[in-house]
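Take a look at the structure below.
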Amino acid sequence: MDTENTPTEQGRKGITRKTLLKAALVAPLPLLVGQIPALARDARGTGEPLTPTPYCSDHNDPTVPQIEGPYFKPNSPLRTTLAGPGTPGVPLTFTGYVFGLSCQPLANVLLDFWQADDNGAYDNYGFTFRGHQFTNAQGAFTLTTIVPGLYPGRTRHIHVKVQAPNRPILTTQLYFPGEPRNSTDTIYDPRLLMNVRNAGAGKEATFDFVLNVPGGGPSPSPSASPTASPSTPPGGTWSAGTVYQAGATVTYGGATYRCLQGHTAQVGWEPPNVPALWQRI
């Protein structure tokens, strides 16, 4: 049976904080020598299928569908840098890959990150420490940010939504090893630990996402300035190769959609296929 690491599938299973914590204890993340979390890329030579990255929600939502937690905001800007020189906090460079189950890299995967600032506060009015990006042709991504601060009831964590073309959204959180609150946070899952090391005055972290996608492999990256614009699809104004800004509206397949996040449209990212980018209205 094909299962997705998505909120929909987890909802069918009736996941709760208690069951999530129990799963984390029963099936901990494989560790390498020195208790370092293993990366998916390390299994590429084994020929064994990978285990999908688990879904994670803090369940502090006013309604069930809002599985992202109380601090998610759509329409984040397209960028790989959330913090620059002079930003309060410990600098953090976060890199990794996105793989399918067969350990092949997935290109053009959407990753939408959001986190607290150095004081543990979220920007709910603007887009500080919020941003989305796409994996390159090798399935790689990089994020320049800071180590998030602590706030009551939670350990340090970074939120992320991950979506491969034409696939459902994975909403999850990433954690830091050695944090005292890891042992008391009821949402913490050791399978979502990043590898973190000191790097001068800052830190470097790595983590590989595994999506429940059977295949994989490099495919062309989104083009910021396409050389040619394909023809408009029958019955709609959406067009691959067009740069859409948040708030723009298009029609496709007889329905109207509003753009949630600025991006360059490409084949495979038609509005019905990518709810992270388009909202039907």
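Just so it is clear, the values below take in all heavy atoms, side chains as well, and ignore hydrogens, waters and symmetry mates.
In this structure, H132 contributes its side chain and F113 its backbone to no donor-acceptor pair below 3.5 Å. Under the 3.5 Å distance criterion, the side-chain polar atoms of D185 are matched with a main-chain donor or acceptor of T155. Checking side-chain atoms of R156 against main-chain N and O of P148 turns up a donor-acceptor pair under 3.5 Å. A side-chain donor-acceptor contact under 3.5 Å links D189 to the backbone of R191. With D112 contributing its side chain and K161 its backbone, the two residues share no donor-acceptor pair below 3.5 Å. At distances below 3.5 Å, at least one donor-acceptor pair connects side-chain atoms of Q133 with backbone N or O atoms of T142. Remark: the backbone N or O of P180 is paired with a side-chain donor or acceptor of S183 at under 3.5 angstrom.
Hydrophobic clustering of Ile, Leu, Val, Met, Phe, Trp and Tyr side chains at less than 4.5 Å, counting indirect connections, keeps L150 apart from Y175. Tracing side-chain contacts under 4.5 Å through hydrophobic residues (I, L, V, M, F, W, Y), one reaches L110 starting from L78; they form part of the same cluster.
Taking the ring centroids of Y151 and H157, they lie under the 6.0 Å cut-off. Aromatic ring centres of F94 and F141: separated by under 6.0 Å.
Between P52 and L101, the shortest heavy-atom distance links the atoms CG-CD2, 3.6 Å. When all heavy atoms of Q115 and I146 are compared, the pair lying nearest together is NE2-O, 3.1 Å. Across all their heavy atoms, A140 and Y97 have their closest contact at CB-CE2, 3.6 Å. Contact detail for V250 and T237: the closest heavy-atom pair is CA-OG1, 3.4 Å. Taking each heavy atom of A40 and V210 in turn, the nearest pair found is CB-CG2, 3.7 Å. Across every non-hydrogen atom of P165 and A107, the tightest pair is CD-O, 4.0 Å.
One distance of note links CD of Q279 with CZ of R258; it measures 6.0 Å at 0.5 Å rounding. Taking CG of L170 as the start and CG of L211 as the end, the distance is 6.0 Å to the nearest 0.5 Å. Interatomic distance, CG of N195 versus OG1 of T206, reported as 4.0 Å (0.5 Å rounding). Of the inter-residue distances, the one linking D208 atom CG with T53 atom OG1 reads 8.5 Å to the nearest 0.5 angstrom.
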* Taking it one step at a time, do V147 and K203 satisfy side-chain contact (heavy atoms from CB on, under 4.5 Å)? -> CA-CA 8 Å; V147 175; K203 293 182 180 294; 4.0 Å; yes
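You'll find the side chain of F72 stays beyond 4.5 Å of the side chain of H159, heavy atoms only. Proximity of V160 to T172: side-chain heavy atoms (C-beta onward) are separated by under 4.5 Å at one or more points. In this structure, I158 and F176 have side chains that are in contact, with non-hydrogen atoms separated by less than 4.5 Å. Side-chain contact check for D123 versus W114: every heavy-atom pair is 4.5 Å or farther apart. You'll find the side chain of L106 stays beyond 4.5 Å of the side chain of R167, heavy atoms only. Considering only heavy atoms from C-beta on, S239 comes within 4.5 Å of Y244 through its side chain. Counting heavy atoms from C-beta on, the side chains of L193 and N182 come closer than 4.5 Å. Side-chain atoms of F99 and L39, non-hydrogen and from C-beta on, never get closer than 4.5 Å to each other.
In this structure, R181 places its CZ atom where more than 12 heavy-atom neighbours from other residues, nucleotides or ligands lie under 6.0 Å away. Around atom CZ of R79, more than 12 heavy atoms belonging to other residues, nucleotides or ligands sit under 6.0 Å away.
F209 pairs in a side chain to side chain contact (heavy atoms under 4.5 Å, CB included) with only one of the listed residues (T135, L111, V109), which is L111.
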